[in-house]
Novice: 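Take a look at the following structure, please.
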Amino acid sequence: MTFDRTMLARYFILGTQNVTDEQMFYRVLEEALRHGITLFQYREKGLGSLSGVDKLRVAHRVRELTSAYHVPFVIDDDIVLAHIVHADGVHFGQGDGDIAANIAASQGMFVGVSVSTQAEYERISLLPGIDNIGIGPVFDTKSKADAKPAIGLIELERLVEQSHWPSVAIGGINQDNLAAVLATAVAGAAVISMISDSSQIENVLNYWQQF
Ligand code: 3NM
């Protein structure tokens, strides 16, 4: 699958650690797929996350579900798993090892990289093989224990305008600040809790689709 910036519009991230159990993970994912997310990132990381055969089982099921809904499937920080389950893309944080080596090992998949500061942007700005960047956290987030300090909307705007890649905003995005985030030049927003914590996923996505 070739990367297109429109895939970043409604970018949903989830791991089993973000919900009560594996069945809930599939329910939330399928509801989000049914109601219009444009990309799904499987991010199994942090306290309570799965590994080994359990993570492999979930990734296989995610591949089936995302394929059924024709939604691109990205895996966070696990190139081997991404190749095994034929994911469409991979995503790396700045702490996920040697970025250039990771990109080289991601042949055939599209690549996203997280950026939080000017220095981090400059560190990757000349690397070939990147398709998009995630910029954040824009606001405080409850979903990532080791998140960097929130950068705010002004710094988001500045980094987006400088970026020569399509950029997606991430971190603490909710229905109250979504309009302001999407008023910048971002290609979209990436969220966990705005969807995973909602009892009204259909309503959230209907609102999001108005932008
Ligand atoms: N990465 P929520 S913030 C996975 O800043 C992730 O790179 C971030 O979750 C970064 O939408 C974050 O619930 C968590 O705030 C996003």
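We count residues from 1, following the sequence as given. Order of listing sets the numbers, starting from 1, for every ligand and every atom in it.
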Novice: When you measure from atom 6 (C) of ligand 1 to every protein heavy atom, which one gives the shortest distance, and what is it?
Specialist: I170 CD1, 3.5 Å
Novice: Looking only at protein heavy atoms, identify the closest one to atom 7 (O) of ligand 1 and say how far it is in Å.
Specialist: K144 NZ, 3.8 Å
Novice: Starting from atom 11 (O) of ligand 1, locate the nearest protein heavy atom and write down its residue, its atom name and how far away it is, to 0.1 Å.
Specialist: I192 N, 2.9 Å
Novice: Considering only protein heavy atoms, which is closest to atom 16 (C) of ligand 1, and at what distance to one decimal place?
Specialist: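 Going by distance alone, atom 16 (C) of ligand 1 is nearest to T141 OG1, 3.8 Å.
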Novice: Give the atoms of ligand 1, by number and element, whose distance to some non-hydrogen atom of G136 is under 4.0 Å.
Specialist: 5 (O)
Novice: Run the side-chain donor-acceptor check on residues 153-160: report pairs under 3.5 Å with partners two or more places apart or on a different chain.
Specialist:
| residue | atom | partner | partner atom | Å |
| --- | --- | --- | --- | --- |
| E155 | OE1 | R158 | NE | 3.0 |
| E155 | OE2 | R158 | NH2 | 2.9 |
| R158 | NH1 | Q118 | OE1 | 3.1 |
| R158 | NH2 | Q118 | OE1 | 2.8 |

Novice: How long is the span from the CD1 atom in I201 to the NE2 atom in H35, to the nearest 0.5 Å?
Specialist: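 Between I201 CD1 and H35 NE2, I get 8.0 Å after rounding to 0.5 Å.
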Novice: Using a 4.0 Å cutoff against the non-hydrogen atoms of S193, which atoms of ligand 1 qualify?
Specialist: 2 (P), 11 (O), 13 (O)
Novice: Decide whether V80 and I75 are clustered together by the hydrophobic rule: side chain heavy atoms of Ile, Leu, Val, Met, Phe, Trp, Tyr closer than 4.5 Å, transitively.
Specialist: yes
Novice: Quick check: closest heavy atoms across M1 and P72, and the distance to 0.1 Å?
Specialist: SD-CB, 3.7 Å
Novice: Between ligand 1 and S116, can you find any atom pair, the residue atom being a heavy atom, that is separated by under 4.0 Å?
Specialist: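 Per 4.0 Å heavy-atom rule, S116 does not contact ligand 1.
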Novice: Has R43 got any heavy atom lying under 4.0 angstrom from an atom of ligand 1?
Specialist: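 Contact present.
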Novice: For ligand 1, which atoms have a heavy atom of P137 less than 4.0 angstrom away?
Specialist: 5 (O)
Novice: Is the ring pair F12/F40 parallel, tilted or perpendicular, if the boundaries are 30 and 60 degrees?
Specialist: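 Tilted, since the angle between the ring planes falls between 30° and 60°.
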Novice: May I ask you to check whether S143 has an N/O atom sitting below 3.5 Å from an N/O atom of ligand 1?
Specialist: yes
Novice: Is there a nitrogen or oxygen of A190 sitting under 3.5 Å from a nitrogen or oxygen of ligand 1?
Specialist: no
Novice: Does R63 form a salt bridge (Lys or Arg N to Asp or Glu O under 4.0 Å) with D88? I'd like the steps, not just the answer.
Specialist: CA-CA 9 Å; R63 174 71 286 180; D88 302 301; 3.3 Å; yes
Novice: Say whether I13, considering both its backbone and side-chain N or O atoms, lies within less than 3.5 Å of an N or O atom on ligand 1.
Specialist: no
Novice: Could you list the donor-acceptor pairs under 3.5 angstrom formed between side-chain atoms of residues 104-116 and any protein atom two or more places apart in sequence or on another chain?
Specialist:
| residue | atom | partner | partner atom | Å |
| --- | --- | --- | --- | --- |
| S106 | OG | N102 | O | 2.7 |
| S114 | OG | H91 | NE2 | 2.8 |
| S116 | OG | G136 | O | 3.0 |

Novice: For I130 and W165, work out which heavy atoms get closest and say how close.
Specialist: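 So the two residues come closest at O-NE1, 3.1 Å.
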Novice: Can you find an N or O of G171 that's nearer than 3.5 Å to an N or O of ligand 1?
Specialist: no
Novice: Grab the two heavy atoms, one from L178 and one from A189, that are nearest each other, plus how far apart they are.
Specialist: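 Closest approach of L178 to A189: CD1-CB, 4.0 Å.
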